[in-house]
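Take a look at the structure below.
Every number for a ligand or one of its atoms is a count from 1 in the order of the listing.
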Amino acid sequence: MIPYGRQWISEEDIQGVVDVLRSSRITQGPSTEKFERQLAKKVDAEYAVVVNSATSALHLACKALGVGKGDYVWTSPNSFVASANCALYCDARVDFVDIDISTYNICAKALQRKLEIANENGTLPKIVIPVHFSGHSCDMEVIYELSKKYNFKIIEDASHAIGGLYQGRKIGACEFSDICIFSFHPVKIITTGEGGALLTNDKKIGEVVKQLRGHGITRDKNKMQCKSPDPWYYEQLDLGYNFRLTDIQAALGISQLNRLDEFVTRRNLLAKRYEIALRSLPIITPCVTANVYSSWHLYVIRLQLIKIKRSRREVYEYLHDAGVQAQIHYIPIYRQPYFKRYGFSEKDFPANEKYYESVITLPLYPALQEKEQDQIIENVKDALL
Ligand SMILES: *Cc1c(COP(=O)(O)O)cnc(C)c1O
């Protein structure tokens, strides 16, 4: 089976991990700090805090921005459930903004309309979480302008998008956001097995997040309430979590980060090959906006169902039978049984519904060989006959 995505581990990656295993510190320690410094530098952010998953990173981002009971958090329904769950962990209410039918990202126009209505009803969001779907940046400048007008904060869910650019600037630089999140799950652009990161240019947010990552405990004398602490003393100042990344994982992260540009270049090359081979078929290939350099986490195509004999499900099954593990990204979050209790209606998301009925993700990862890709392309052609 050719998976839709997978990691690429080198001998250097393995050596980095082995070195930490032979050292005295295997959980959060010097390698974690080094990974954070290199990550911040790589994406032009002031501060990086690494945690055990992007899910934890989103949770801490909401906490650090003060999300609580009664607050609204808005995100894109075309995402992994974690983009919405972070609000629920904080007892906030979640809502979705329909997508743009060409980029499959949150639609800035739909966002504006929804904000106008919310403004009249007194239900404006505290936070909006744009998701850079497939590695293609959202229209951040427009969303940022809306955030100034309607007074909300922005968390970029860039789980797909490390290594990408928006207006020539790195995703993670937080030019138009308060916090940016990365995921290091094995299908994502770089991996630590499990892991995630928060990027910010706000020192205070960085400090709050670090404290929440470790139980809300501080060992910094300047932050303690006790003015003459004993040498063994520490203080819990907040209700935090254990969201630490291990140094074993951080070592893998450092090594993978060195290969980020190589990975993203390769993903771009393979995406280009798909585009050239598939554009004359009855499918819609992904578009890339002029001011965006995508990291190409996912290659999604939309079937023009009226022009082909097979249904989407039959195409999916045809590909799986041929050894191609195509996927669907994503089942809209509002369709999940757990979210039914909030009373969402499919009618409120016509663009996402239209997208969801015909989309399929083809395999794309840097270790995918051209030969394998050519085989996938042949399988897709056959499936559409
Ligand atoms: C993968 C993913 C997450 C969650 O990442 P984990 O590191 O697995 O917790 C969140 N949001 C999006 C958009 C993702 O693709």
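Salt-bridge check for D71 with K126: passed, with a basic side-chain N closer than 4.0 Å to an acidic carboxylate O. Classification of K109 and D100 as a salt-bridged pair fails, no side-chain N sitting under 4.0 Å from a carboxylate O.
Using bins of under 30°, 30° to 60° and over 60° for the plane-to-plane angle, the ring pair H160/H297 lands in the tilted bin. Using bins of under 30°, 30° to 60° and over 60° for the plane-to-plane angle, the ring pair F35/F184 lands in the tilted bin.
Residue H297 places no heavy atom under 4.0 Å from ligand 1. Under a 4.0 angstrom heavy-atom cut-off, S56 registers as lying outside contact with ligand 1. Residue F182 places every heavy atom at 4.0 Å or more from ligand 1.
Among all non-hydrogen protein atoms, the one lying nearest atom 9 (O) of ligand 1 is T55 OG1, 2.5 Å. The closest protein non-hydrogen atom to atom 1 (C) of ligand 1 is K188 NZ, 1.5 Å. For atom 15 (O) of ligand 1, the closest non-hydrogen atom on the protein side is H160 NE2, 2.7 Å.
Remark: R335 fails to qualify as a cation-pi partner of F339 under the 6.0 Å distance and 45° angle criteria applied to the six-membered ring. Cation-pi geometry between R312 and Y356 is met: under 6.0 angstrom from the ring centre, within 45 degrees of the axis.
Enclosure of atom NZ in K309 is not indicated, since only 12 or fewer non-hydrogen atoms of other residues, nucleotides or ligands lie within 6.0 angstrom.
Each of the following atoms of ligand 1 lies closer than 4.0 Å to a heavy atom of G195: 7 (O). Remark: ligand 1 atoms within the under-4.0 Å shell around heavy atoms of V131 are 13 (C). Close approach to S79 involves these atoms of ligand 1, each under 4.0 Å from a residue heavy atom: 13 (C). Those atoms of ligand 1 that come under 4.0 Å of a heavy atom in Y330, given as number and element, are 15 (O).
Here the shortest heavy-atom distance to atom 10 (C) of ligand 1, taken over G196, A197, S159, A84, belongs to S159.
No N or O atom of H185 sits closer than 3.5 Å to an N or O atom of ligand 1.
Here A54 has heavy atoms under 4.0 Å from ligand 1 in both its backbone and its side chain. Contacts of D157 with ligand 1, taken as heavy-atom pairs under 4.0 Å, involve the side chain alone.
If you run ring-ring contact (aromatic ring centres under 6.0 Å, His included) between F96 and each of F344, Y342, W74, Y72, only F344 comes through.
Every residue two or more places apart in sequence or in another chain that forms a side chain to side chain contact (heavy atoms under 4.5 Å, CB included) with S159 is listed here: A54, D157, I181, S183, K188.
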